[in-house]
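Along the sequence shown, residues carry numbers from 1. What you see below is based on every heavy atom in this structure, not just the backbone, and it leaves out hydrogens, waters and symmetry mates.
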Amino acid sequence: MAIATLDGLIAAASQRVSIIKTASMTTVATIPFSPFAQAGNPGAGVLAGTSTTTGVVPTDATAGIASINAFGGGNIGYINKVEFGSSIACRITLFDLLWKGGAYAFNASTTGQTPTSFSNRVLGGTDYTNTELWLEQVTAATGIQSVNVTYTNQAGTPSKSTGVVSQGTAGIVGRMTPLPLASGDTGVQGVTGVVGSVASVGTFNILVMRRLWQGRVRIANDGDTHDMLKTGLPQIFEDSAIYPVIYTDATASGIPEIVLEIVNG
């Protein structure tokens with residue numbers, strides 16, 4: 001059942017989930033990057049996706065994703081508190097990684113795919129609003145990667161398109177690019193086609209993610225704690241794939257540390 005009162009929140013079962021990356025990576029200032037493949041706790045994940053047709057639905061059992069204890073009893077989980085910091089000034093954003101397609105070749109051309117469903121990881125099993133499309137660079141591009149992603153929107157309307165989106169500069173490993181949805185769309189039910197440019201080498205993933213939280217590390221070796229009033233108690237699932245994205249003020253990702261308090265009731 002949902003936690004509906006402050007008393008219910010205080011009495012709720014809780015657990016702490018830690019994400020710490022101990023190896024820095026090359027970044028571009030103010031551009032989002034994925035530290036997923038860097039060493040730490042949990043250990044490094046494999047950046048490249050494993051399916052360019054149906055895609056896969058990562059979970060907390062996926063290598064490189066932090067494990068979440070089962071809630072049990074039909075309980076609903078929420079992020080109650082986030083303690084965070086980094087060795088470099090940056091913005092840290094956490095997503096639930098719902099679907100991952102790739103690794104696509106730079107000149108990929110896929111259409112008419114039937115993607116694996118992630119309905120068990122959206123609110124109520126039917127609310128696909130507030131889900132986002134992202135490009136994630138897997139191997140470095142020697143030219144400027146462009147993609148056009150075809151998808152089914154939050155209402156089940158097929159054949160919607162992002163249009164052709166360019167990274168702007170040659171992508172390096174881990175670079176993330178948010179992809180715009182068609183006018184009026186607020187989410188994605190599934191990715192049905194990916195068409196890449198023919199101007200460069202390199203591979204990339206397409207991700208569908210649900211935004212959970214974000215916080216700002218104002219100076220190097222700083223941090224903060226966000227309680228429920230700042231987190232907003234976003235709902236999380238016991239098999240959610242918590243996925244950090246880092247926007248740094250410098251040209252390295254630094255050493256980010258995130259500890260979540262997840263409550264359920």
Minimal non-hydrogen separation, [X] against [Y], with atom names:
{"X": "Ser200", "Y": "Gly143", "value": "CB-N, 3.1 Å"}
{"X": "Ser87", "Y": "Gly254", "value": "OG-CA, 3.3 Å"}
{"X": "Thr59", "Y": "Arg121", "value": "CG2-NH1, 4.0 Å"}
{"X": "Thr186", "Y": "Leu181", "value": "C-CD1, 3.9 Å"}
{"X": "Pro115", "Y": "Gly190", "value": "CG-CA, 3.7 Å"}
{"X": "Thr162", "Y": "Val165", "value": "O-CG2, 4.0 Å"}

Donor-acceptor check, side chain of [X] to backbone of [Y], threshold 3.5 angstrom: yes or no?
{"X": "Trp99", "Y": "Thr54", "value": "yes"}
{"X": "Asn205", "Y": "Leu207", "value": "no"}
{"X": "Thr110", "Y": "Val194", "value": "yes"}
{"X": "Gln145", "Y": "Phe106", "value": "yes"}
{"X": "Arg175", "Y": "Gln167", "value": "yes"}
{"X": "Thr231", "Y": "Ile79", "value": "yes"}
{"X": "Lys100", "Y": "Leu47", "value": "yes"}
{"X": "Gln154", "Y": "Gly187", "value": "yes"}

Aromatic centroids of Phe71 and Phe237 separated by under 6.0 Å: no
Ring centres under 6.0 angstrom apart (Trp134, Phe95):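 Yes, the ring of Trp134 comes within the 6.0 Å limit of the ring of Phe95, centre to centre.
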Hydrophobic cluster membership, with links at side-chain heavy-atom distances under 4.5 Å among I/L/V/M/F/W/Y: are [X] and [Y] in one?
{"X": "Leu212", "Y": "Val122", "result": "no"}
{"X": "Val147", "Y": "Val208", "result": "yes"}
{"X": "Val17", "Y": "Val82", "result": "yes"}
{"X": "Ile258", "Y": "Val245", "result": "no"}
{"X": "Val263", "Y": "Leu6", "result": "yes"}

Would you say the side chain of [Y] lies within less than 4.5 Å of the side chain of [X], judging by non-hydrogen atoms?
{"X": "Met176", "Y": "Leu135", "result": "no"}
{"X": "Leu123", "Y": "Arg210", "result": "yes"}
{"X": "Val188", "Y": "Asn153", "result": "no"}
{"X": "Thr152", "Y": "Tyr128", "result": "no"}
{"X": "Thr203", "Y": "Tyr104", "result": "no"}
{"X": "Asn221", "Y": "Ile219", "result": "no"}
{"X": "Asp239", "Y": "Ile68", "result": "no"}
{"X": "Ser240", "Y": "Asp60", "result": "no"}

Donor-acceptor side-chain pairing of [X] and [Y] below 3.5 angstrom:
{"X": "Ser161", "Y": "Asn148", "result": "yes"}
{"X": "Thr27", "Y": "Ser253", "result": "no"}
{"X": "Tyr151", "Y": "Asp185", "result": "yes"}

So, taking the atom named [atom1] in [X] and the one named [atom2] in [Y], what distance separates them when rounded to the nearest 0.5 Å?
{"X": "Ser51", "Y": "Gln113", "atom1": "OG", "atom2": "CD", "value": "8.0 Å"}
{"X": "Ile19", "Y": "Leu94", "atom1": "CD1", "atom2": "CG", "value": "6.0 Å"}
{"X": "Met228", "Y": "Tyr78", "atom1": "CE", "atom2": "OH", "value": "13.0 Å"}
{"X": "Thr225", "Y": "Lys230", "atom1": "OG1", "atom2": "NZ", "value": "9.0 Å"}
{"X": "Ile144", "Y": "Ser146", "atom1": "CD1", "atom2": "OG", "value": "7.5 Å"}
{"X": "Gln235", "Y": "Ile262", "atom1": "CD", "atom2": "CD1", "value": "12.0 Å"}

List the steps and the verdict of side chain to side chain contact (heavy atoms under 4.5 Å, CB included) for Leu133 and Val191. CA-CA 9 Å; Leu133 274 175; Val191 172; 3.6 Å; yes
Should Arg16 and Glu83 count as an ion pair when the cut-off is N to O under 4.0 Å?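 Salt bridge present between Arg16 and Glu83.
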For a salt bridge (charged side-chain N to carboxylate O under 4.0 Å, His left out) with Arg216, tell me which candidate from Asp222, Asp249, Asp224 qualifies.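 Exactly one candidate clears the test, Asp249.
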Phe36 and Tyr243 aromatic ring geometry - parallel, tilted or perpendicular at 30°/60° bounds: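 The rings of Tyr243 and Phe36 sit tilted, inter-plane angle from 30° to 60°.
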Before giving the answer on side chain to side chain contact (heavy atoms under 4.5 Å, CB included), spell out for Leu260 and Asn80 the whole-Å C-alpha distance, their side-chain angles and the decisive distance to 0.1 Å. CA-CA 8 Å; Leu260 309 179; Asn80 181 46; over 6 Å; no
Criterion side-chain contact (heavy atoms from CB on, under 4.5 Å) against Val57, the qualifying member of Leu98, Thr116, Leu97: Thr116
Run through Thr93, Ile92, Ile88 and flag the one making a side-chain contact (heavy atoms from CB on, under 4.5 Å) with Ile246.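 Between Ile246 and the candidates, side-chain contact (heavy atoms from CB on, under 4.5 Å) is satisfied uniquely by Ile92.
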Side chain to side chain contact (heavy atoms under 4.5 Å, CB included) evaluation trace for His226 with Lys81: CA-CA 6 Å; His226 285 185; Lys81 183 169 66 175; over 6 Å; no
When you look at Phe84 and Glu257, which way does the side chain to side chain contact (heavy atoms under 4.5 Å, CB included) test go after all the steps? CA-CA 5 Å; Phe84 64 100; Glu257 303 182 24; over 6 Å; no
Ser34/Glu136 under side chain to side chain donor-acceptor pair (under 3.5 Å): CA gap, chis, key distance, verdict: CA-CA 8 Å; Ser34 165; Glu136 178 181 60; 3.2 Å; yes
Might you work through the side chain to side chain donor-acceptor pair (under 3.5 Å) test for Thr192 and Thr150, ending with a clear yes or no? CA-CA 6 Å; Thr192 55; Thr150 306; 5.1 Å; no
